[in-house]
Amino acid sequence: MKKTKISSRLLEVPASPIRKLVPFATEAKKKGVKVYHLNIGDPDIKTPGVMVNVLKNWSTNPIAYGQSQGQPKFLESLAWYYNKIGYSFVKTNNIQVTTGGSEAISMALFSVCAPGEEVIAFEPYYANYNSYAAINGVKVVPVLTKGETGFHLPERSKIEKKIGKKTKAILICNPSNPTGTVYTKEEMEMLVLICVKNNLFLISDEVYREFVYDGKKYFSILNYMKKYPDKMVLLDSLSKRYSLCGARLGMIVSLNRDLMDGVLRIAQGRLSSGFVDQAMAEKLTEVKDSYFSAVHKEYQARRDVLYNGLKSIPGVFLEKPEGAFYTIVKLPVKNSEDFCQWLLEKYNYKNETVMVAPAAGFYGTRGMGKNEVRIAYVLNIHDLEKAIEILRHALVEYNRK
Ligand SMILES: Cc1ncc(COP(=O)(O)O)c(C=O)c1O
């Protein structure tokens with residue numbers, strides 16, 4: 001019998017570099033090896049109690065669909081949040097609730113590009129941009145940024161060189177996953193000017209907005225939204241801000257009416273985001289500022305432990321991440337994917353090992369990032385210190401074999 005073929009476009013969707021080694025981690029655990037997960041940004045910080053209490057006290061029955069744009073109370077809470085952080089112009093009708101920031105990325109790409117059109121992104125970039133670009137028939141055109149310059153933006157001409165007839169948008173992640181870079185005011189203004197001059201959308205993924213360290217100033221796309229209402233598109237998520245990854249809530253914020261009307265039509269097609277999730281998350285208005293200051297302090301301390309620990313390993317290179325909870329690290333290996341698999345499949349140190357993500361999948365240019373990994377510092381300091389020691393020993397043993 002002839003094999004029924006799957007679509008050619010399905011074959012274009014890449015495996016996630018963050019998750020593709022999971023089967024090897026599962027096997028290691030089956031053998032009794034403890035695995036420290038530095039591969040995925042799933043924070044171990046507790047979700048605010050006011051949110052979890054909604055689940056504890058749940059009585060609504062049945063659990064119905066929500067509204068397509070988002071539940072009114074949740075939308076009001078979100079508008080309250082944007083007003084609180086200084087953007088009083090954001091109203092509920094400028095917000096579309098999405099099923100995670102992930103759906104926001106997909107909807108935004110679909111909304112600004114026809115099939116075959118292009119968005120520019122600065123590599124290394126969040127690997128799932130490739131997945132959503134493939135799903136929506138969009139091409140990501142990479143512009144290289146380098147570890148030596150903290151993955152900050154190259155000069156304007158290098159970016160403008162990549163703009164062609166098919167370019168529709170520049171997509172940034174700020175603070176950046178995977179590099180931890182926080183763009184300066186000058187960099188943001190350069191991007192805005194490029195988009196205005198070339199009539200492009202600027203799409204800014206700001207799911208790590210609260211994670212900026214060392215008192216560094218942060219410049220959101222929201223600062224430019226009123227001046228350029230049709231061009232600015234914010235992608236956001238509650239996953240990291242409130243340790244709510246499992247609630248699957250994100251949003252698109254824009255003053256572009258045509259875009260928001262279109263996005264709502266897509267949202268109607270998928271009915272609604274989680275009803276229970278939104279009921280829980282609308283309590284964000286009751287989360288105390290002390291929650292964020294504690295989380296912020298913890299991540300900055302983790303960042304310091306990771307940075308100092310890794311820097312002390314011979315042959316390892318990294319810049320100090322300025323924000324988010326990731327870093328791209330150069331290792332003294334030729335093929336980091338092989339090394340990452342070996343860590344799980346063949347190696348353990350006192351019956352423990354580490355899982356990190358090979359960085360090649362965070363680049364759009366084939367062949368880049370081969371000696372790099374992305375590390376997420378989402379473990380407590382004690383575990384982070386252990387994970388660094390394991391990496392130190394593993395690199396010696398790997399390079400001896
Ligand atoms: C940069 C960035 N954008 C978006 C997302 C999607 O997050 P979620 O779908 O959980 O909101 C993530 C998750 O790690 C991310 O790192």
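All ligand and atom numbering here is 1-based and tracks the order in the structure. A quick note: this is a predicted structure, and the numbers were derived from the prediction, not measured.
- Residue-level proximity to ligand 1 for Ser102 is carried by backbone and side chain together, each with a heavy atom below 4.0 angstrom.
- To the nearest 0.5 Å, atom NZ of residue Lys31 and atom CG of residue Leu344 are 9.5 Å apart.
- When heavy-atom distances to ligand 1 are checked against a 4.0 Å cut-off, Leu238 has no atom that comes that close, whether in backbone or side chain.
- Near Ser239, with a cut-off below 4.0 Å to any heavy atom, the atoms of ligand 1 are 8 (P), 10 (O), 11 (O).
- Remark: among candidates Gly101, Cys173, Pro175, the nearest residue to atom 8 (P) of ligand 1 is Gly101, based on non-hydrogen atoms.
- Crowding of Tyr87 atom OH: a count of heavy atoms from other residues, nucleotides or ligands under 6.0 Å exceeding 12.
- Crowding of Arg9 atom CZ: a count of heavy atoms from other residues, nucleotides or ligands under 6.0 Å not exceeding 12.
- Ring centers of Tyr213 and Tyr299: at least 6.0 Å apart, outside the cut-off.
- With salt bridges taken as basic N to acidic carboxylate O contacts below 4.0 Å, one links Asp261 and Arg257.
- Here's the thing with Tyr208: one of its N/O atoms is less than 3.5 angstrom from an N/O atom of ligand 1.
- Ion pair Lys330/Glu148 flagged as a salt bridge, since at least one NZ, NE, NH1 or NH2 atom sits closer than 4.0 Å to an Asp/Glu carboxylate oxygen.
- Residue-to-ligand polar distances keep Tyr129 apart from ligand 1: every N/O pair is separated by 3.5 Å or more.
- Among the atoms of Cys245, none of the N or O lies under 3.5 angstrom from an N or O of ligand 1.
- Close contacts between ligand 1 and Ser237 involve ligand atoms 8 (P), 11 (O) [criterion: under 4.0 Å to a heavy atom].
- Taking a 4.0 Å cut-off on heavy atoms, Glu103 fails to register as neighbouring ligand 1.
- What sits closest to atom 14 (O) of ligand 1 on the protein, heavy atoms only, is Lys240 NZ, 2.8 Å.
- Closest non-hydrogen pair, Pro321 versus Arg303, comes out as O-NH1, 2.7 Å.
- Short contacts between ligand 1 and Gly100, defined as distances under 4.0 Å to a heavy atom of the residue, involve ligand atoms 9 (O), 11 (O).
- For the salt bridge (Lys or Arg N to Asp or Glu O under 4.0 Å) with Glu210, the lone residue among Lys240, Arg241, Lys297 that qualifies is Arg241.
- Shown in contact with Asn177 at under 4.0 Å from a heavy atom are these atoms of ligand 1, numbered in order with element: 1 (C), 15 (C), 16 (O).
- A salt bridge links Lys30 with Glu27: the closest approach of a Lys/Arg side-chain nitrogen to an acidic carboxylate oxygen falls below 4.0 angstrom.
- Remark: minimum distance from atom 3 (N) of ligand 1 to any protein heavy atom is reached at Asp205 OD2, 2.6 Å.
- Listed by number with element, the atoms of ligand 1 under 4.0 Å from a non-hydrogen atom of Arg248 are 8 (P), 9 (O), 10 (O).
- Partner of Ser77 under the side-chain contact (heavy atoms from CB on, under 4.5 Å) criterion, chosen from Glu286, Glu282, Lys283: Glu282.
- Remark: ligand 1 atoms within the under-4.0 Å shell around heavy atoms of Ile105 are 4 (C).
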